[in-house]
Amino acid sequence: MSFSTRHWRHAMVVGLLVLTGFSLYLASWRSALGPLMPVAQAVHEWGGVLYGLAVLGWSGRFYPWPADRNAGTKAPGFTKWAFFFLVMLFVSGLGLLVGPSWTRAIATIIHGLFAAVFVLWVAYHLAVHWPVNIRRKKPHINLARRRTLRWLVGAAVTVPVLGAIPSVLTMLSGRMFHQGSNNGALPGFVPYTVVGGYPDLSLETWRLSIEGTHYTMEDLKKFGVERRHVNFQCVTGWAVDGVEFTGIDLEHFLRQVGWNSQTHPWVMFFSGDGVYTESLDVQQIAKYRPLLAYQIDSRPLPQSQGYPLRLLVPGMYGYKSIKWLVGIKLVSHDTLGYWEQRGYPQNAYLGSYSGI
Ligand SMILES: Nc1nc2c(c(=O)[nH]1)N[C@H]1C(S)=C(S)[C@@H](COP(=O)(O)O)O[C@H]1N2
Ligand SMILES: [Mo]
């Protein structure tokens, strides 16, 4: 097999990993994928592990650099860098996949950083090397047409990814240097939204509605305020260690307002974005002590993280912690939330789910 055939195959696998990886990370991509999200996650995790093992295990034979050298092309420099990036992404990816929360918190940064730099560098490589390689390697084919095709494919893959890079970089810089740049989110958090924006709710008009009664924030605080110290983790792997949320104990609040958990063992939550929902049952609520949270690290929630009120479910994946909470409904039958209707488990205790 010629160098460029092999190289092209590697490029396709890596391209798939990049696209599925960005879809786990980017709010707009993941909502666009909808029910395919768990699939994208499985492809990314399976693909990343298998490809990483293959590259590491057979780096001499499987990865094309010795062959390049024999062929006398300029590829070795390129493939050495590619190898370095792939190893870093593989190792940090494993940290995201199987690690305890502190390795996830670190791996979140490393994986994101290397993915961002890698993609930039691949784009540069495409622009500089592609036409050269084709001319040298396939003199017999219709060069003009093939080159146009490859440029089109390259652009289709790179342009959306390039568009995504600023958000990766702000997440990283927010985590490493200061607060406030990451859509106002706390360092390390990826402020997801499934509606392509962050609802702009004002405390004056905002109410939490439950069974026809509407509570202001001041009303809610009268039920008593508690704190929860958690390691926050998304089902896609990223994590932030040691975050403190302040709010009202959900079960206490529900009992006070007359919740009959015998007849209505399920609780449904609604977001002010008009789309996102979540659900918990009576056992989950008793076990995990969720909070109606209005502060994070002793500050009001940033707009991107659910201002003025969100749910915080300690010990469960982040998707349980619905943001911009405006409504609660007590229900008698099983209900599923937004991501659960799309394939993620309703019982989202940490460690219970991995795409692979
Ligand atoms: N309304 C709403 N709530 C949401 C989401 C969302 O897209 N919309 N994403 C969930 C997911 S998947 C995660 S991991 C967390 C992320 O919390 P953060 O935005 O504070 O980082 O919010 C959860 N709550
Ligand atoms: Mo998530």
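What you see is a predicted model, and the numbers here were worked out from it, not measured in a lab. Each residue takes its place number in the sequence, starting with 1. First listed ligand is number 1; within each ligand, the first listed atom is number 1.
By the 4.0 Å N-to-carboxylate-O rule, E251 lies close enough to R255 to be salt-bridged with it. For the pair K287 and D281, the salt-bridge criterion is not met [side-chain N within less than 4.0 Å of a carboxylate O].
Ring geometry for Y215 versus F253: interplanar angle over 60°, hence perpendicular rather than tilted (30 to 60°). Relative orientation of the H111 and H44 rings is perpendicular, given thresholds of 30° and 60° on the angle between their planes.
The nearest protein atom to atom 15 (C) of ligand 1, hydrogens excluded, is given as G318 O, 3.5 Å; this is a heavy-atom distance. The single protein non-hydrogen atom nearest to atom 3 (N) of ligand 1 is K323 N, 3.0 Å, given as residue, atom name and distance. Looking only at protein heavy atoms, the nearest one to atom 9 (N) of ligand 1 is Y192 CB, 3.6 Å. The nearest protein atom to atom 21 (O) of ligand 1, hydrogens excluded, is given as V190 O, 2.8 Å; this is a heavy-atom distance. When only non-hydrogen protein atoms are considered, atom 10 (C) of ligand 1 lies nearest to Y276 OH, 3.4 Å. Closest to atom 22 (O) of ligand 1 among all protein heavy atoms lies R310 NH2, 3.4 Å. Residue, atom and distance of the protein heavy atom nearest to atom 1 (N) of ligand 1 are D273 OD2, 3.0 Å.
The ring-ring contact (aromatic ring centres under 6.0 Å, His included) check on Y317 picks up nothing, with sequence neighbours excluded.
R310 contributes a side-chain N or O that, together with a main-chain N or O of S321, makes up a donor-acceptor pair within less than 3.5 Å.
Note: no N/O pair closer than 3.5 Å links W339 and ligand 1 by distance alone. For Q305, a nitrogen or oxygen atom sits less than 3.5 Å from a nitrogen or oxygen atom of ligand 1, counting backbone and side chain alike. Inclusion of Y319 in the set of residues having an N or O under 3.5 Å from an N or O of ligand 1 is not warranted.
Taking a 4.0 Å cut-off on heavy atoms, W238 registers as neighbouring ligand 1. In this structure, Q233 falls outside the shell of residues with a heavy atom less than 4.0 angstrom from ligand 1.
Counting heavy atoms under 4.0 Å from ligand 1, residue E278 does not touch it at all. Under 4.0 Å from ligand 1, the heavy atoms of F232 that appear belong solely to its side chain. Of all the heavy atoms of W324, the ones lying under 4.0 Å from any atom of ligand 1 belong exclusively to the side chain. At a 4.0 Å heavy-atom cut-off, ligand 1 touches V194 through backbone and side chain alike.
Here is the list of ligand 1 atoms found below 4.0 Å of a heavy atom in S271: 1 (N). Against a heavy-atom cut-off of under 4.0 Å, R30 is close to the following atoms of ligand 1: 12 (S). Distances below 4.0 Å separate heavy atoms of I322 from the following atoms of ligand 1: 3 (N), 24 (N).
In this structure, CG on L350 lies 10.5 Å from SG on C234, to the nearest 0.5 angstrom.
Residue M268 is found in a hydrophobic cluster whose other members, listed by chain and number, are F270; membership requires side-chain heavy atoms under 4.5 Å apart, directly or through intermediates.
In this structure the side chain of L312 reaches within 4.5 angstrom of the side chain of V230, judged on heavy atoms. Looking only at side-chain heavy atoms (C-beta outward), Y319 and Y276 come within less than 4.5 Å of each other.
In this structure, R342 is not positioned above the aromatic face of Y344 in the sense of NZ or CZ being under 6.0 Å from the six-membered ring centre and within 45° of the axis. In this structure, K320 forms no cation-pi arrangement with Y288, as its terminal cationic atom is not both closer than 6.0 Å to the ring centre and no more than 45° off the ring axis.
Summarising the contacts of atom 24 (N) of ligand 1 with A185, G274, S321, the nearest heavy atom is found in S321.
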